[in-house]
There are 2 protein chains.
Amino acid sequence: MLTTKKTIRRQVILDEAAKLFKEKGYGGTSMRDLAGNVGLEAASMYNYIKGKDEILELICQRIAGIYISQLHDIEQTEATYAAKVEALIRLHIRLMVEEGPAVSVANHDWKYLPEPQLTEFKDARKSYEQGFARLVEEGIQAGEFQPLHPSVALFTILSAVRWVELWYRPGRGLSAEELENDIVAMLLKGLAK
Amino acid sequence: MLTTKKTIRRQVILDEAAKLFKEKGYGGTSMRDLAGNVGLEAASMYNYIKGKDEILELICQRIAGIYISQLHDIEQTEATYAAKVEALIRLHIRLMVEEGPAVSVANHDWKYLPEPQLTEFKDARKSYEQGFARLVEEGIQAGEFQPLHPSVALFTILSAVRWVELWYRPGRGLSAEELENDIVAMLLKGLAK
DNA sequence: TCTTCTTACGAACATTTGTTAGAGAAAATC
DNA sequence: GATTTTCTCTAACAAATGTTCGTAAGAAGA
């Protein structure tokens, strides 16, 4: 079977690592800290992972993969550009609500990736941004959006969505749906012609 | 005089530290790294600063102070809420263009502040956010803005502005003015009724 | 010139870091 | 029940960390 006891425990380590990395940063989190939170000694974790590097790698790669596949899905839809951008924004917000810590790590700690993976990650991110920017650009040319610089519009959207992972806490008088609707309302209205 | 040779050198250390912290993180920057960039040995820097903690402290406190005083200035203006929010957004963007590294440190590495200053910083930030949120809230009540949740609108603005420090590089076919105008256009239009 | 004060340095410090080796316990297989 | 495999621990490692100490060179003041 695919979900052996080993892979489950491995995932527990990765999840706990994401939480700690988010809270204290990659450099600020020691293997002993992590081990404590998992309920193991530091040395024991090396039965599940190759090293600290690999933990960061796996987290970043997984999130990058999700981002890219979400973009890919949307690109193949038949819809207005506004609808496509809206769908993408909603997917991103949901990802952040569901996978806050991992997304946070991919957003902040990717720079500590060792070298082959670092370039890989940066390339993936760039290609993702270019794909998203193309959507915005075509929307402008189609007359759906006001004529802003595409990259400014792009980064304004991406960053505006990013705060969710930093500041949103569920169950504080604001549901995930309300959140999503308000952000989409504000960003799309700002973009629209 | 106030700008003795000592305080100048001290500022060089702080500036260089901000750059390094931004690039490699607080935990990822060693005193030896920093000393190398300043042109000193690590031990020699202790003639200018008390320790690594203090460097972070001084950077964060300075930026927090600027943020708060900017808000304070705007609050005392006579203008529409839209004009106030716009002015605040513009001030923030300018600060990020001019003080990119220091702002980055105050945004990302504040969590490594030692304990009396950590609470101090968090309190300052909270009071700043509340002040900004009040502006948005009153704007909504005055009918200038559409009825979003004030905190969602607030954080969308703050984060949308924040990417400037992360992604904007001057002299790449986009002037600081164009940048400012596009961001303001998008955010205020999104907020407006 | 002699003295005092400041600045820079090399060496060393105690800790903490990620990681490995080896031994013993537990689980799985026969 | 015996044997093999998998897991977990303690102990130790080399390297890197922030910081201190004592010393020597430099600048400033007498």
Side-chain angles (χ1 to χ4, degrees), chain A residues 1-14 16-21 23-60 105 109-118, chain B residues 1-60 105 109-118:
Chain A
M1 57 181 144
L2 234 135
T3 59
T4 83
K5 223 163 216 171
K6 193 153 190 172
T7 44
I8 289 179
R9 197 120 203 219
R10 195 169 134 115
Q11 196 54 49
V12 170
I13 293 178
L14 294 180
E16 212 59 46
K19 284 190 214 159
L20 280 178
F21 290 171
E23 195 182 333
K24 329 209 295 180
Y26 178 72
T29 304
S30 74
M31 293 297 275
R32 288 169 179 82
D33 281 350
L34 176 53
N37 274 45
V38 174
L40 283 175
E41 287 304 310
S44 309
M45 288 192 302
Y46 286 79
N47 282 315
Y48 302 97
I49 45 104
K50 282 212 198 81
K52 200 186 179 189
D53 292 344
E54 201 200 37
I55 297 179
L56 184 60
E57 249 172 74
L58 291 172
I59 295 175
C60 289
V105 171
D109 296 323
W110 57 268
K111 41 180 152 173
Y112 304 119
L113 283 167
E115 202 17 275
Q117 287 83 6
L118 179 60
Chain B
M1 56 180 145
L2 233 135
T3 58
T4 83
K5 223 164 218 173
K6 193 153 189 172
T7 42
I8 289 179
R9 197 119 204 219
R10 195 169 134 115
Q11 196 54 50
V12 171
I13 292 178
L14 293 181
D15 289 347
E16 212 59 45
K19 285 188 214 162
L20 280 178
F21 290 171
K22 169 173 181 176
E23 195 183 332
K24 327 208 295 179
Y26 178 72
T29 304
S30 75
M31 294 298 273
R32 289 166 178 86
D33 279 351
L34 175 54
N37 274 43
V38 173
L40 283 176
E41 288 303 309
S44 309
M45 289 193 302
Y46 287 79
N47 282 318
Y48 302 96
I49 45 102
K50 284 211 198 81
K52 201 186 178 187
D53 292 344
E54 200 199 39
I55 297 179
L56 184 60
E57 249 172 74
L58 291 172
I59 295 174
C60 288
V105 171
D109 296 323
W110 57 267
K111 43 181 148 172
Y112 305 118
L113 283 168
E115 204 15 277
Q117 287 83 7
L118 180 60

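Every heavy atom of this structure was used, including side-chain atoms; hydrogens, water molecules and symmetry mates were not. All chains are named by letter (A, B, ...) in the order of the sequence lines, taking the proteins before the strands, and each is independently numbered beginning at 1. As the structure is a prediction and not an experimental result, all values here were calculated from the model.
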Check: Under 4.0 Å: is that the gap between some side-chain N or O of B:Lys6 and OP1 or OP2 of C:dT7?
Finding: yes

Item checked: Side-chain (B:Lys52) to main-chain (B:Thr29) donor-acceptor, under 3.5 angstrom -> yes

Item checked: Pairing annotation in dot-bracket form, given for DNA chain D with Watson-Crick or G-U pairs under 3.5 Å and | for cross-strand partners -> |.||||||||||||||||||||||||||||

Notebook entry, point to check: A:Lys52 NZ to C:dT20 P: how many Å, rounded?
Noted result: 15 Å

Check: Can you check the B:Glu54 CD to D:dT19 P distance for me, whole Å?
Finding: 10 Å

Next item on the list: With the side chain counted from C-beta on, respond yes when A:Glu115 and A:Leu118 share a heavy-atom pair under 4.5 Å apart, and no when they do not.
Entry: yes

Check: Rounded to the nearest Å, what distance is computed from the CD1 atom of residue B:Ile55 to the P atom of nucleotide D:dT17?
Finding: 14 Å

Check: Tell me, do B:Ile8 and B:Gln11 make a side-chain contact under 4.5 Å, heavy atoms counted?
Finding: no

Checklist line | Nearest-0.5 Å distance, CD1 of residue A:Ile13 to CG of residue A:Leu20 | finding: 12.0 Å

Margin query: I'd like to know if the side chain of B:Arg10 reaches the main chain of B:Tyr48, judged simply by a donor and an acceptor atom lying under 3.5 Å from each other, with no hydrogens or angles considered.
Written below: yes

Next item on the list: Could you list the residues that satisfy salt bridge (charged side-chain N to carboxylate O under 4.0 Å, His left out) with B:Lys24, not counting sequence neighbours?
Entry: B:Asp33

Next item on the list: For B:Leu34 and C:dA8, give me the distance from atom CG to atom P, rounded to whole Å.
Entry: 14 Å

Pull out every protein N or O sitting under 3.5 Å from an N or O of nucleotides 9-15 of chain C, one pair per line with the distance.
residue	atom	partner	partner atom	Å
C:dC9	OP2	B:Glu41	N	3.0
C:dC9	OP2	B:Ser44	OG	3.2

Check: Sequence neighbours excluded, which residues qualify as side chain to side chain contact (heavy atoms under 4.5 Å, CB included) partners of B:Asn47?
Finding: none

Notebook entry, point to check: About how many Å separate CD1 of B:Ile59 and CD of B:Glu54, when rounded to the nearest 0.5 Å?
Noted result: 11.0 Å

Notebook entry, point to check: In whole angstroms, how far is the C1' atom of C:dA26 from the CZ atom of A:Arg9?
Noted result: 13 Å

Listing time: all N or O pairs from protein to nucleotides 22-24 of chain C that are below 3.5 Å?
none

Margin query: To the closest 0.5 Å, what do you measure between CE (B:Met31) and CD (B:Glu41)?
Written below: 12.5 Å

Next item on the list: Report the distance from atom CD1 of A:Ile49 to atom C1' of C:dT20, rounded to the nearest whole Å.
Entry: 13 Å

Notebook entry, point to check: To the nearest Å, how far apart are A:Ile13 CD1 and D:dC7 C1'?
Noted result: 12 Å

Next item on the list: Respond yes when some side-chain nitrogen or oxygen of A:Tyr46 is under 4.0 Å from OP1 or OP2 of C:dG18, and no when none is.
Entry: no

Next item on the list: Could you check how far NZ of A:Lys50 sits from P of C:dT19, rounded to whole Å?
Entry: 12 Å

Next item on the list: Please name all residues satisfying ring-ring contact (aromatic ring centres under 6.0 Å, His included) with A:Tyr26, sequence neighbours left out, ordered by chain then number.
Entry: A:Phe21, A:Tyr112

Item checked: From B:Glu16 atom CD to B:Ile55 atom CD1, the distance as rounded to the nearest 0.5 Å -> 11.0 Å

